[in-house]
Amino acid sequence: MDPFKYQVLARRYRPRTFSEVVGQEAIVTTLRNAIRFERIANAYLFCGSRGVGKTTLARLFAKALNCTMRSSDIESCGQCPSCLEIASGQSLDVIEIDGASNRGIDDIRQINETVGYAPSSGRFKIYIIDEVHMLTKEAFNALLKTLEEPPAQAKFFFATTEPHKVLPTILSRCQRFDLNRITLAQITSKLEQIASELQRPIDAEALHLIASFSDGSLRDAESLLDQIFCFTEGPVSKDAVRQTLGLLPEDLFFALDQAFSESAIVFAFDLIEQLFQTGKDLAHFFEQLIEHYRLIAIAKISGEKGLSLPVELANRYLQSAKLYTSPQALYLLEYLLQAETVFHKSLAPRVFLESTLLHIIRSKNRIPVEVLLRRLSELEQALLSKQPPQAVEPPPAPTEPEPELPGPQEPIPPSPSMTYRAPLGFVNLDSASGQGEEIKPLVLKEAPLQNAQRPGHYDTLIRFAAVELEGNFKT
């Protein structure tokens with residue numbers, strides 16, 4: 001193979017017809033009907049994330065508009081001079097402009113001066129401006145009048161990843177199409193088709209890893225597949241993909257689940273030490289950790305139907321999900337999402353990761369706030385529904401005679417004993433001597449205490465909450 005003629009997979013398998021476009025069926029149908037019913041707008045804006053087909057759709061639309069031998073299902077023939085010129089990038093009627101390099105008012109003024117010229121061979125003169133959001137405000141304003149009332153044979157196709165940066169006056173003059181991210185199943189199917197055509201065997205889990213790592217971008221997935229084919233000559237396994245992408249084996253994350261169930265906090269230090277010894281990217285590890293607990297939460301709540309994974313891997317997640325409760329899985333996912341923003345600003349990432357894993361493992365004995373509130377409410381209701389406590393019988397009268405007091409003295413009227421709640425039980429205070437004596441055992445009288453003498457149930461609730469927050473009780 002001539003190395004100068006090699007084409008990367010992203011360019012080699014770029015769609016050449018509308019039917020080859022992946023994941024944008026609604027937009028393709030709209031563009032086909034616009035050609036079929038002769039309802040071509042002045043300008044179109046294609047928005048979306050990277051690698052989803054914005055520029056590709058603009059080129060296919062331009063080819064279909066200028067094709068002289070269009071099929072009945074509105075597909076360009078790919079054989080006429082117009083199609084061949086557009087495919088090779090040599091067409092004088094379809095002009096592609098990089099908005100990042102030609103962003104000034106002088107570049108737009110040049111377009112305004114040439115837009116009135118008739119197309120050389122095709123039906124329309126089409127301007128495709130990629131990354132149109134990079135144009136300056138002055139350049140946008142210079143384009144406004146031409147965009148609103150262009151010559152009948154002139155059309156404008158814009159592509160951008162950041163439509164919020166395009167002026168509203170430009171947006172109002174365009175038909176806007178928001179392209180979706182390519183789904184995991186669609187990317188996996190496309191990669192499997194490419195590997196089959198190239199006769200390169202590849203595991204289903206390896207395809208899933210590549211599709212997951214591409215983050216909805218088909219172009220990124222094809223570029224990764226090209227890179228992995230260069231890494232190995234034989235069949236592509238999931239281990240080869242992980243080694244190429246610098247990802248950790250999933251066994252480590254399932255081992256973390258086991259350490260969580262056993263409260264083995266030493267595993268946190270062992271895992272981070274292994275990361276540093278192998279030189280793995282800590283940011284990638286954190287992303288994998290979040291993805292792992294996202295799948296755990298899905299498996300816990302939705303079961304097998306919520307997991308878009310190969311069968312073997314899905315079964316492993318279903319088994320690991322049994323080690324967590326639903327509140328624990330949701331709490332850990334939320335905790336990791338909040339910790340990720342702090343991780344990127346941390347001056348000691350190793351210590352931060354160790355503390356994060358320690359928190360995950362120790363959270364097994366954590367009592368959720370809703371459970372604590374429910375227990376407090378149940379205890380309060382139980383205390384309110386009980387019979388009020390009865391007074392404690394005062395101790396028997398002393399056997400020794402009391403010493404006589406000098407001078408006349410009026411008899412002291414008897415008063416009921418006062419009781420209050422102490423940490424070790426009820427204590428009786430004699431009103432005459434003021435000395436306290438613990439009553440063991442307690443002897444209850446028939447007469448109930450007044451409201452002021454009853455032990456407060458809120459005191460008991462606070463004590464119970466304090467014990468719960470210390471983590472001494474387990475759910």
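Please read these numbers as outputs of a predicted model, since none were measured by experiment.
The pair Arg123-Glu38 meets the salt-bridge criterion, since a charged nitrogen lies less than 4.0 angstrom from a carboxylate oxygen. A salt bridge is absent between Asp107 and Arg109; no separation between the charged side-chain nitrogens and carboxylate oxygens falls under 4.0 Å. Here Lys165 pairs with Glu162 in a salt bridge; the nearest charged N to carboxylate O distance falls below 4.0 Å. Taking a cutoff of 4.0 Å between a charged side-chain nitrogen and a carboxylate oxygen, Arg375 and Glu378 do not qualify as a salt bridge.
With a 4.5 Å cut-off on side-chain heavy atoms, Glu354 and Arg350 count as touching. With contacts defined as side-chain heavy-atom distances shorter than 4.5 Å, the pair Cys47/Phe177 does not qualify. In this structure, the side chains of Leu271 and Phe285 come closer than 4.5 Å at one or more pairs of heavy atoms. Within the 4.5 Å cutoff, no side-chain heavy atoms of Val241 are placed close to those of Phe231.
For His292 and Tyr317, the distance between ring centers is under 6.0 angstrom.
Heavy-atom neighbours of Glu273 CD from other residues, nucleotides or ligands within 6.0 Å: above the threshold of 12. Under a cut-off of 6.0 angstrom, the local environment of CD in Glu334 is sparse, with at most 12 non-hydrogen atoms contributed by other residues, nucleotides or ligands. Crowding of Glu304 atom CD: a count of heavy atoms from other residues, nucleotides or ligands under 6.0 Å not exceeding 12. Counting heavy atoms of neighbouring residues, nucleotides and ligands inside a 6.0 Å radius, atom CD of Glu291 exceeds 12 of them.
Both tests pass for Lys364 against the ring of Phe260: distance under 6.0 Å to the centre and angle within 45° of the axis.
A search for ring-ring contact (aromatic ring centres under 6.0 Å, His included) contacts involving Phe61 returns Tyr44, Phe157, not counting sequence neighbours. In terms of the side-chain contact (heavy atoms from CB on, under 4.5 Å) criterion, residue partners of Glu197 (sequence neighbours excluded) are, by chain and number, Tyr13, Gln193.
The main-chain N or O of Ala185 is never found under 3.5 Å from a side-chain atom of Ser189 such that the two would form a donor-acceptor pair. Although no hydrogens or angles enter the test, the distance criterion places a donor-acceptor pair under 3.5 Å between the side chain of Arg103 and the main chain of Met134. Remark: side-chain polar atoms of Glu149 are not paired, donor with acceptor, to backbone N or O of Thr146 under 3.5 angstrom. At least one donor-acceptor pair closer than 3.5 Å links the side chain of Lys54 to the backbone N or O of Ser49. No donor-acceptor pair closer than 3.5 Å links the side chain of Ser101 to the backbone N or O of Asp98. In this structure, Asp93 contributes its side chain and Phe124 its backbone to no donor-acceptor pair below 3.5 Å. Between the side chain of Lys300 and the backbone N or O of Tyr324, at least one donor-acceptor pair lies under 3.5 Å.
Counted by atom type alone, Asp220 and Ser214 present zero donor-acceptor pairs between their side chains at under 3.5 Å. Arg36 and Asn33 share a donor-acceptor pair across their side chains, judged by distance under 3.5 Å alone. Between the side chains of Tyr335 and Tyr293, not a single donor N or O lies within less than 3.5 Å of an accepting N or O. There is no side-chain donor-acceptor pair under 3.5 Å between Asp203 and Ser237.
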Report task. Determine, stepwise, if the pair Arg316 / Asp251 fulfils salt bridge (Lys or Arg N to Asp or Glu O under 4.0 Å). Result -> CA-CA 10 Å; Arg316 297 190 68 179; Asp251 293 340; 2.9 Å; yes
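Screening Arg16, Arg32, Lys63, Arg70 against Glu75 for a salt bridge (charged side-chain N to carboxylate O under 4.0 Å, His left out) leaves a single residue, Arg32.
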